[in-house]
Undergrad: 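The structure follows.
Heavy atoms only: backbone and side chains are in, while hydrogens, waters and symmetry mates are out.
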Amino acid sequence: MRKNRKKGNPAVKKWANRLSFYIALIVFIVLFTGLAGGLTLYVNLQREIPTVTDMILYRPAQATIVYDTNNKKITEFFLEKRIPVNLKEIPAYAIDATVALEDQRFRSHWGINLFRIAAALLKDIQAGRIEQGGSTITQQLARNMFLTLDKSIVRKIKEAMISVKLEKNFSKDEILEMYFNQINYGNGAYGIEAASNVYFGKSARELTLAEAALLAGIPNLPEYYNPFRYPDNAKRRQTICLANMLEQGYITQEQYHEAVDSEIELKEKKKEDIPGKYFVEEVRKQVISRFGYDALYRGGLKIYTTLNIEMQKQAEEITERQLRRYEVRYDEVEMTKEDYDSLSKEERDEMTVIPYLQSATIIIDNNTGGVKALVGGRDFEDSEYNRVYQAPRQPGSIFKIFLFAAAIENGMNPADIIMDTPVVLDDGTDEPYKPHNYDETFMGPIPLRTALSKSRNVTAVRLIQNIGPETVVQFARKLGISTKLIPVFSLALGSCEVTLFEMTRAFSIFPNYGVMKNISMIMYIEDSEGNIVYKPRNINKRVLDDDDAYIVTNMLETVAEEGTGSSMKWLGIKANAGGKTGTTDDYSNAWFVGFTKDITCGVW
């Protein structure tokens, strides 16, 4: 007898088969989409990450160094202070300290340490955000070389891709060398050599074990482990580093205890006292104008300037000493620099002008045209306004040099007689022009040489009346004066404004026998490879006949010998020198420009 078998419901079976198909299809679509998306993301990111060529040609930002004329370092320009160093120059224990603390499996992994990533991922999940790093040394290098510090998934993927590429194309030692030259150690120091200089005042080659362990701990959180500000934090991190080194066999128990117990002496952190800040600022602007901002602050240039540091320091010291004397001597001085410095920052910020006495100085090498020293003001921190280049002022009697030199060029000689007697002129205004001498006396008929050496105003006005104000304007233009000059009789007494730079450059033409030099502040510039990339053209332009230049030079030497500049001898200046003084009627501007055969110095 047959048993009846119960057949399943065909509709249910058909529905189950269809459901299985749809589930399989969905799984396939999800997997395919994920794979395609992942592949697309990989391809797109591959285009965004650096190529092997980019990695080979990569050069980290380097500081630009500025030198004086004797190759003494003046200052540096940098965003990242970095001094490149070879791996073989770094002590072995400094390398071991970093590996022991940052990446114990560095020698064996392929750029990514999956165990560290897994541990870090668990902590991130527990925290609910990305906060625990699992980066290897290679990943840190990749991030610092080519990426930002944002904590995003895309950035982490890029970081991993770059790390793998670095490991594939560079040896472990090459990666370490790049790391030790790239990583941020805080306080503006990038790379271990710069860090060793900043924190200990010495080269990385001279690091002790204790110092190396301290440095190894900083890059993780440069501000938090800053030994200048948080020495306890830095010490704890150093101790962890040394414990890791002991555990991994890099050092012995004795070395560990000796390093932990050693007292580390940090380099005293003080504000850099840069000589010639106004000079340096002019150089900075010139280099940016020619090469751009990145070249100056990242390009590792070497700028060899014309500045003489010792001469610059003396110019600054003399300026400050003399102005302090004037502040004590004259009751008209309403506020001294000492008074100003005692004010609060808020009180100083409320002032629209710097109220204390100012001065400016420029010294030019007659032979080369190089600026040997430059004082653009009394304190660069208070005012960056450069009074050598940017401040047109009435020159007073010092402008007479253009008048008398123009007269010589137009056929007169120092022995020609000119009258120092009262004169009344019509200068086109409602009131007649009645010039007077500073001592309110008259000397009668005197030689041209005496008129200049004694700086007689009336003779100067008579002289400009004879040769014409337009002649004087044209002559001043020929000698490099570019500020606005009005052809009037009072021009002879310095009624139009000029800059100290223009006046000093013009005076340097006389001891140079009528030749105008190209005034420069830079001798030459080298790139980071030592190639000369800039050298100013040495332009010598004759603007005055050499015989006329000699005569004017001789007349200016008379000014220094027996005229208004004779105080030079009282000050002990024994060199054969010439020069001219100038003072405006209200005594708000006092000038002197003098020269020897080697230098010309202008002071306002």
Undergrad: Would you say Lys597 has more than 12 foreign heavy atoms packed within less than 6.0 Å of its NZ?
TA: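 Open: at most 12 neighbouring heavy atoms sit under 6.0 Å from NZ of Lys597.
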Undergrad: Salt-bridged, Glu497 to Lys484, with N to O below 4.0 Å?
TA: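 Between Lys484 and Glu497 there is no salt bridge, as every charged N stays at least 4.0 Å from the carboxylate O atoms.
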Undergrad: Between the side chains of Asp339 and Ser342, is a donor N or O closer than 3.5 angstrom to an acceptor N or O?
TA: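 Result is no, nothing qualifies.
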Undergrad: With heavy-atom distances below 4.5 Å as the criterion, would you say the side chains of Leu403 and Leu452 are in contact?
TA: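 No, every pair of side-chain atoms sits at 4.5 Å or beyond.
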Undergrad: Would you say Ser397's side chain and Gly582's backbone share a donor-acceptor pair under 3.5 angstrom?
TA: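 It does not hold such a pair.
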Undergrad: What orientation do Phe507 and Phe595 show, parallel under 30°, tilted 30 to 60°, or perpendicular over 60°?
TA: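 Ring orientation, 0 to 90° scale: tilted.
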Undergrad: For the atom pair OH (Tyr225) and CG (Asn220), what is the distance rounded to the nearest 0.5 Å?
TA: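 If we round to the nearest 0.5 Å, Tyr225:OH and Asn220:CG are 5.5 Å apart.
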Undergrad: From Glu76 CD over to Lys302 NZ, what is the distance, rounded to the nearest 0.5 angstrom?
TA: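 Taking CD in Glu76 and NZ in Lys302, the distance rounds to 10.5 Å.
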Undergrad: Any donor-acceptor pair under 3.5 Å linking the side-chain atoms of Asn226 with those of Asn187?
TA: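 Yes, side-chain donor-acceptor contact under 3.5 Å.
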Undergrad: Provide the closest heavy-atom pair for Ser359 versus Thr319 in the form atom of the first, atom of the second, distance.
TA: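 Shortest heavy-atom separation between Ser359 and Thr319 comes out as CB-CG2, 3.9 Å.
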Undergrad: Is it true that a side-chain atom of Glu211 and a backbone atom of Leu207 form a donor plus acceptor pair closer than 3.5 Å?
TA: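 No; zero donor-acceptor contacts below 3.5 Å.
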Undergrad: Among side-chain atoms of Ser508 and Lys517, is any donor-acceptor pair under 3.5 angstrom?
TA: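 Side-chain D/A pair, Ser508 to Lys517: absent.
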Undergrad: For the atom pair CD (Glu282) and CZ (Phe279), what is the distance rounded to the nearest 0.5 Å?
TA: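 Answer for the CD-CZ pair, Glu282 versus Phe279, is 9.5 Å.
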Undergrad: Of all heavy-atom pairs between Phe489 and Ile464, which one has the smallest distance, and what is that distance?
TA: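 Closest heavy-atom pair between Phe489 and Ile464: O-CG2, 3.7 Å.
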Undergrad: Should the pair Phe77 and Tyr297 be assigned to parallel (<30°), tilted (30 to 60°) or perpendicular (>60°) ring geometry?
TA: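 Taking Tyr297 first and then Phe77, their aromatic rings stand perpendicular (interplane angle over 60°).
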Undergrad: What class does the angle between the rings of Tyr326 and Tyr330 fall in, given that below 30° is parallel, 30 to 60° is tilted and above 60° is perpendicular?
TA: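 Taking Tyr330 first and then Tyr326, their aromatic rings sit tilted (interplane angle of 30° to 60°).
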Undergrad: In terms of side-chain geometry, is the basic nitrogen of Arg325 or Glu320 positioned less than 4.0 Å from the acidic oxygen of its partner?
TA: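 Salt bridge absent between Arg325 and Glu320.
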Undergrad: Would you give the length of the straight line joining atom CD1 of Ile218 to atom CD of Glu223, rounded to the nearest 0.5 angstrom?
TA: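 One finds 11.0 Å between CD1 of Ile218 and CD of Glu223.
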Undergrad: Just wondering, do Gln394 and Thr584 contact through their side chains at under 4.5 Å, heavy atoms?
TA: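 Thr584 reaches Gln394 side chain to side chain.
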Undergrad: Has the side chain of Glu502 got a donor or acceptor atom that lies under 3.5 Å from a matching backbone atom of Ser482?
TA: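 At least one qualifying donor-acceptor pair exists.
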Undergrad: Between Gln62 and Pro84, is there a donor-acceptor pair closer than 3.5 Å when you use the side chain of the first and the backbone of the second?
TA: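 No, Gln62 side chain to Pro84 backbone: no donor-acceptor pair under 3.5 Å.
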Undergrad: Between Ile401 and Val593, does the side-chain contact (heavy atoms from CB on, under 4.5 Å) criterion hold? Intermediate values first, please.
TA: CA-CA 11 Å; Ile401 186 58; Val593 181; over 6 Å; no
Undergrad: Are any non-hydrogen side-chain atoms of Ile74 and Thr305 less than 4.5 angstrom apart?
TA: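 Yes; the side chains approach each other to less than 4.5 Å.
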Undergrad: Would you say Ile303 and Tyr534 make side-chain contact, with heavy atoms under 4.5 Å?
TA: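 A side-chain contact is absent here, since even the closest heavy-atom pair is not under 4.5 Å.
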Undergrad: Would a 4.5 Å heavy-atom cut-off, applied to side chains only, mark Lys285 and Arg290 as touching?
TA: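 No, side chains not in contact.
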Undergrad: Report the C-alpha separation of Met178 and Tyr58 in whole Å, then their side-chain angles, then the decisive distance to 0.1 Å, and conclude whether the side-chain contact (heavy atoms from CB on, under 4.5 Å) test is met.
TA: CA-CA 10 Å; Met178 287 187 280; Tyr58 176 81; over 6 Å; no
Undergrad: Grab the two heavy atoms, one from Leu307 and one from Ala373, that are nearest each other, plus how far apart they are.
TA: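 Minimum heavy-atom contact is CD1-CA, 3.9 Å.
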Undergrad: Output the distance between atom CG (Asp548) and atom CZ (Phe510), rounded to the nearest 0.5 Å.
TA: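 Asp548 atom CG to Phe510 atom CZ measures 10.0 Å (nearest 0.5 Å).
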Undergrad: Compute whether any side-chain donor of one residue and acceptor of the other, for Thr69 and Asn308, lie under 3.5 angstrom apart.
TA: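 Checked: Thr69/Asn308 side chains show no N/O donor-acceptor pair below 3.5 Å.
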Undergrad: I'd like to know whether Asp382 forms a side-chain hydrogen bond (donor to acceptor under 3.5 Å, both in side chains) with Tyr356, so could you lay out the CA-CA distance, the side-chain angles of the two residues, the decisive distance to 0.1 Å, and finally the verdict.
TA: CA-CA 11 Å; Asp382 290 343; Tyr356 55 78; 2.7 Å; yes
Undergrad: Any side-chain to backbone donor/acceptor pair from Arg477 onto Ile481? Under 3.5 Å, distance only.
TA: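 At least one qualifying donor-acceptor pair exists.
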Undergrad: Determine yes or no for a side-chain-to-main-chain donor-acceptor pair under 3.5 angstrom, with Ser566 supplying the side chain and Gly563 the backbone.
TA: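 Answer holds: yes.
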Undergrad: With heavy-atom distances below 4.5 Å as the criterion, would you say the side chains of Gln286 and Ile522 are in contact?
TA: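 Yes, side chains in contact.
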Undergrad: Which heavy-atom pair separates Ala577 from Thr596 by the least distance, and what is that distance?
TA: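 Minimum heavy-atom separation between Ala577 and Thr596: CB-CG2, 4.2 Å.
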Undergrad: Applying salt bridge (charged side-chain N to carboxylate O under 4.0 Å, His left out) between Arg378 and each of Glu384, Glu316, Glu317, Glu327, report the one that passes.
TA: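 The option that passes is Glu327.
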Undergrad: Would you check if Phe291 and Val533 make a side-chain contact, meaning some heavy-atom pair closer than 4.5 Å?
TA: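 They are in side-chain contact.
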Undergrad: Mind running side-chain contact (heavy atoms from CB on, under 4.5 Å) on Phe399 and Leu493 for me, showing each step along the way?
TA: CA-CA 7 Å; Phe399 196 86; Leu493 308 183; over 6 Å; no
Undergrad: What are the two closest non-hydrogen atoms of Gln140 and Tyr179, and how far apart are they?
TA: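 Taking every non-hydrogen atom into account, OE1-OH, 3.3 Å.
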Undergrad: With distance as the sole test, does Arg82 use its side chain to make a donor-acceptor pair with the main-chain N or O of Ala189 at under 3.5 Å?
TA: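 A pair under 3.5 Å: no.
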Undergrad: What's the shortest heavy-atom distance between Lys267 and Phe228, and which atoms?
TA: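 Minimum heavy-atom contact is O-CE2, 3.3 Å.
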Undergrad: Run Ser196 and Lys202 through side-chain hydrogen bond (donor to acceptor under 3.5 Å, both in side chains) and show every step you take.
TA: CA-CA 6 Å; Ser196 183; Lys202 60 184 177 181; over 6 Å; no
Undergrad: Is a side-chain N or O of Thr504 found less than 3.5 angstrom from the main chain of Leu500, in a donor-acceptor match?
TA: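 Judged by distance alone, yes, a pair lies under 3.5 Å.
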Undergrad: For the residue pair Thr471 / Gln474, report whether a side-chain donor-acceptor contact shorter than 3.5 Å exists.
TA: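 No, no side-chain donor-acceptor pair sits under 3.5 Å.
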Undergrad: Quick one, Ile525 with Ile532, criterion side-chain contact (heavy atoms from CB on, under 4.5 Å). Give me CA distance, side-chain angles, the key distance, then yes/no.
TA: CA-CA 6 Å; Ile525 300 175; Ile532 295 178; over 6 Å; no
Undergrad: Return yes if a side-chain donor-acceptor contact under 3.5 Å exists between Thr75 and Lys277, otherwise no.
TA: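 Side chains of Thr75 and Lys277: no pair found under 3.5 Å.
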Undergrad: Keeping the roles fixed (side chain from Glu177, backbone from Asn86), state whether a donor-acceptor pair exists under 3.5 Å.
TA: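 Here the side-chain-to-backbone pair does not exist.
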Undergrad: Decide if the gap between the ring center of Tyr185 and the ring center of Tyr199 is smaller than 6.0 angstrom.
TA: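 Ring centres of Tyr199 and Tyr185 not closer than 6.0 Å.
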Undergrad: Around atom OH of Tyr513, are there more than 12 heavy atoms from other residues, nucleotides or ligands closer than 6.0 Å?
TA: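 It does not: Tyr513 OH has 12 such atoms or fewer within range.
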Undergrad: Taking the side chain as everything from C-beta on, heavy atoms only, tell me whether Ile364 gets closer than 4.5 Å to Ile599.
TA: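 In short, these two side chains do not touch, never coming nearer than 4.5 Å.
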Undergrad: Decide whether Glu193 and Ser203 meet the rule of one side-chain donor and one side-chain acceptor closer than 3.5 Å.
TA: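 Note: Glu193 and Ser203 side chains meet the donor-acceptor criterion.
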Undergrad: Give a yes or no on this: more than 12 heavy atoms of other residues, nucleotides or ligands lie within 6.0 Å of atom CZ of Phe380.
TA: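 More than 12 heavy atoms, drawn from other residues, nucleotides or ligands, come within 6.0 Å of this atom.
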Undergrad: Check the surroundings of atom NZ in Lys535: do more than 12 heavy atoms from other residues, nucleotides or ligands lie under 6.0 Å from it?
TA: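 Incorrect, the count does not exceed 12.
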Undergrad: Quick check for you: to the nearest 0.5 Å, what is the distance between Asn512 atom CG and Thr553 atom OG1?
TA: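 Separation between the atoms: 9.0 Å.
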Undergrad: Under a 3.5 Å distance rule, please check whether Asn184 uses its side chain to pair with a backbone N or O of Tyr190 as donor and acceptor.
TA: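 Such a contact is absent between Asn184 side chain and Tyr190 backbone.
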Undergrad: Can you confirm whether Arg298 is buried at CZ, in the sense that more than 12 heavy atoms of other residues, nucleotides or ligands lie under 6.0 Å from that atom?
TA: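 No.
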